[in-house]
2 protein chains.
Amino acid sequence: MSVVARLRGVGLRPTRQRVALARLLLEKGGRHITAEQLHGEARAAAVRVSLATVYNTLHQFTEAGLLREVIVDPGRSYFDTNTSEHHHFFDEGTGELLDIGADVVVSGLPLPPSGTQVHRLDIVVRVGPERR
Amino acid sequence: MSVVARLRGVGLRPTRQRVALARLLLEKGGRHITAEQLHGEARAAAVRVSLATVYNTLHQFTEAGLLREVIVDPGRSYFDTNTSEHHHFFDEGTGELLDIGADVVVSGLPLPPSGTQVHRLDIVVRVGPERR
DNA sequence: CAAGAGATAAGAATAATTCTAATCTGCGCT
DNA sequence: AGCGCAGATTAGAATTATTCTTATCTCTTG
Ligand SMILES: [Mn+2]
Ligand SMILES: [Mn+2]
Ligand SMILES: [Zn+2]
Ligand SMILES: [Zn+2]
C-alpha cells in the first residue's frame, strides 16, 4: 500500500512533510531512530521540514500505530518502525538498538497492581563492549 | 552497618550532605526516587543541600553500587535503593515504580550481538488504569 | 590546627522536547 | 478552477531535566 494511502487510512492528511517522513521511515524496514536523526536524514534527502514537525509527526505516527516508542535512554526517545511485539538489545556504548526477533517467553510474573492493567511489557538487554 | 561506615566502605567521604542523603535513601527500604524528589525530601528534613549535589551524590552512589538507575521515562531518571537483580511495574499515569519481587524467568533470548556482552537485563511492565 | 584534596553550591549552560502564534496548505464545496 | 477554513507547519521562545563552571568550603591527614 502506498504511503499516501496508509496515512489516509489512519486519518492523517498526506501533507508533503508527512509523506516524505513516512517514506524515510517506513519504506525501509526495521529502523530505530531519534527525532534528531530523522531530521538529519530528511535534510540529507533535501526534504524541507522543521524539527518541530518531525516531533509532531513521530508522535502522530506513534499514536496512529505506525510507530512504537522505545525507552532505553534517559533523555532520548527512540522510535521503532517495527510495531509488532518484540524486544531489544541496547548497546549503551554506541546507542544502537537491535531487535530481538526470536520468541521470548517470560514466566513467573505476578499480577499487576490492583486497579491497573498491563499495557505493554518491554525487555531491554543492555550490552556493552566485550571485556575480560 | 552505619551509613558513615558504608560510605567509607565504598571510598566516599562521609560529608554532611552525603550522610544525610544516604540516611534518607538507605534507611528506609525499597525506594524509587528522582533527583527532584530526593531534593524535596532533603529540604523537608531541613537538610541544606543543592540540587547539583543531589545529582552528584545519586550518580556517585550508583557508581559505588549503593543504588541502581532505572530507565522507564524519557526525560526523568529514577534511582532505586534495591540493588539486587529485579524488575518493575511502571504506572505510566502516576509515574510510580513497583518492584517485581518474584523470580521471573526469561527464556528464548538469542545471544548478544558479537563483540558485546550482556551488562543487564531489564523488564518493565507498563501498567495503566484499568479500563473496559 | 594548617594545608590541600576533594566536595559543595549558585547560577550559567546544554540538550531534548514542547509550546506559541503567525503563516501556509490540503481539500471539500461551489 | 477558485474559496474558505480546519488543520498543519514553522521559527523561535519556553520548559524541563540535567550537567558544567568556578568560587568557596570542609573533611582528613600530618
Ligand atoms: Mn513523547
Ligand atoms: Mn545519568
Ligand atoms: Zn525494535
Ligand atoms: Zn526496584
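Convention: sequence-line order gives letters A, B, ...; per-chain numbering from 1. For the numbers below, each heavy atom of this structure counts, side chains included, while hydrogens, waters and symmetry mates do not.
Rounded to whole Å, the distance from CG on Asp73(B) to P on dT17(C) is 12 Å. Distance CG (Leu21(A)) to P (dT10(D)): 9 Å, rounded to an integer number of Å. Taking atom CZ of Arg76(B) as the reference point, atom P of dT18(D) lies 8 Å away to the nearest angstrom. Whole-Å rounding puts the Glu63(B) CD to dA7(C) P distance at 13 Å. As a whole-Å value, the separation of Asn56(B) CG from dT18(D) P is 13 Å. Computed from coordinates, the Leu7(A) CG to dA8(D) C1' distance equals 13 Å when rounded to whole Å. Rounding to whole angstrom units, CZ of residue Arg8(A) and P of dG26(C) are separated by 11 Å. At whole-Å resolution of the value, CG in Leu51(A) and C1' in dT18(C) are 11 Å apart.
In terms of phosphate contacts, Gln60(B) brings no side-chain nitrogen or oxygen within less than 4.0 Å of OP1 or OP2 of dA7(C). Taking side-chain N and O atoms only, His59(A) has no distance below 4.0 Å to OP1 or OP2 of dT17(C). In terms of phosphate contacts, Ser50(A) brings no side-chain nitrogen or oxygen within less than 4.0 Å of OP1 or OP2 of dT9(D). Checking the phosphate oxygens (OP1, OP2) of dA17(D), no side-chain nitrogen or oxygen of Thr34(B) falls inside 4.0 Å. Residue Tyr55(B) places at least one side-chain N or O under 4.0 Å from the OP1 or OP2 atom of dT18(D).
Place Tyr78(B) and Leu12(A) on DNA chain D by their nearest nucleotides, and Leu12(A) ends up nearer the 5' end. Of the two residues near DNA chain D, Arg16(B) and Gly75(B), the one whose nearest nucleotide lies more 5' is Gly75(B).
With respect to the salt-bridge test (charged N to carboxylate O, under 4.0 angstrom), the residues Arg31(B) and Glu41(B) qualify.
Between the side chains of Asp99(B) and His32(B), at least one donor-acceptor pair of N or O atoms lies under 3.5 Å. For His87(A) and Asp122(A), the side-chain atoms include no donor-acceptor pair closer than 3.5 Å.
Of the candidates dC27(D), dC27(C), dA9(C), the closest approach to any side-chain atom of Gln17(B) belongs to dA9(C). Nearest nucleotide to the Ala52(B) side chain, out of dG12(D), dT18(D), dG11(C): dG11(C).
As judged by a 4.0 angstrom heavy-atom cut-off over every strand, Thr15(A) is placed among residues touching the sugar-phosphate backbone only. Using a 4.0 Å heavy-atom distance criterion, Arg13(A) is classed as a base contact.
The neighbour count for Arg16(B) CZ, taken as heavy atoms of other residues, nucleotides or ligands under 6.0 Å away, is above 12.
Aromatic ring centres of Phe79(B) and His59(B): separated by under 6.0 Å.
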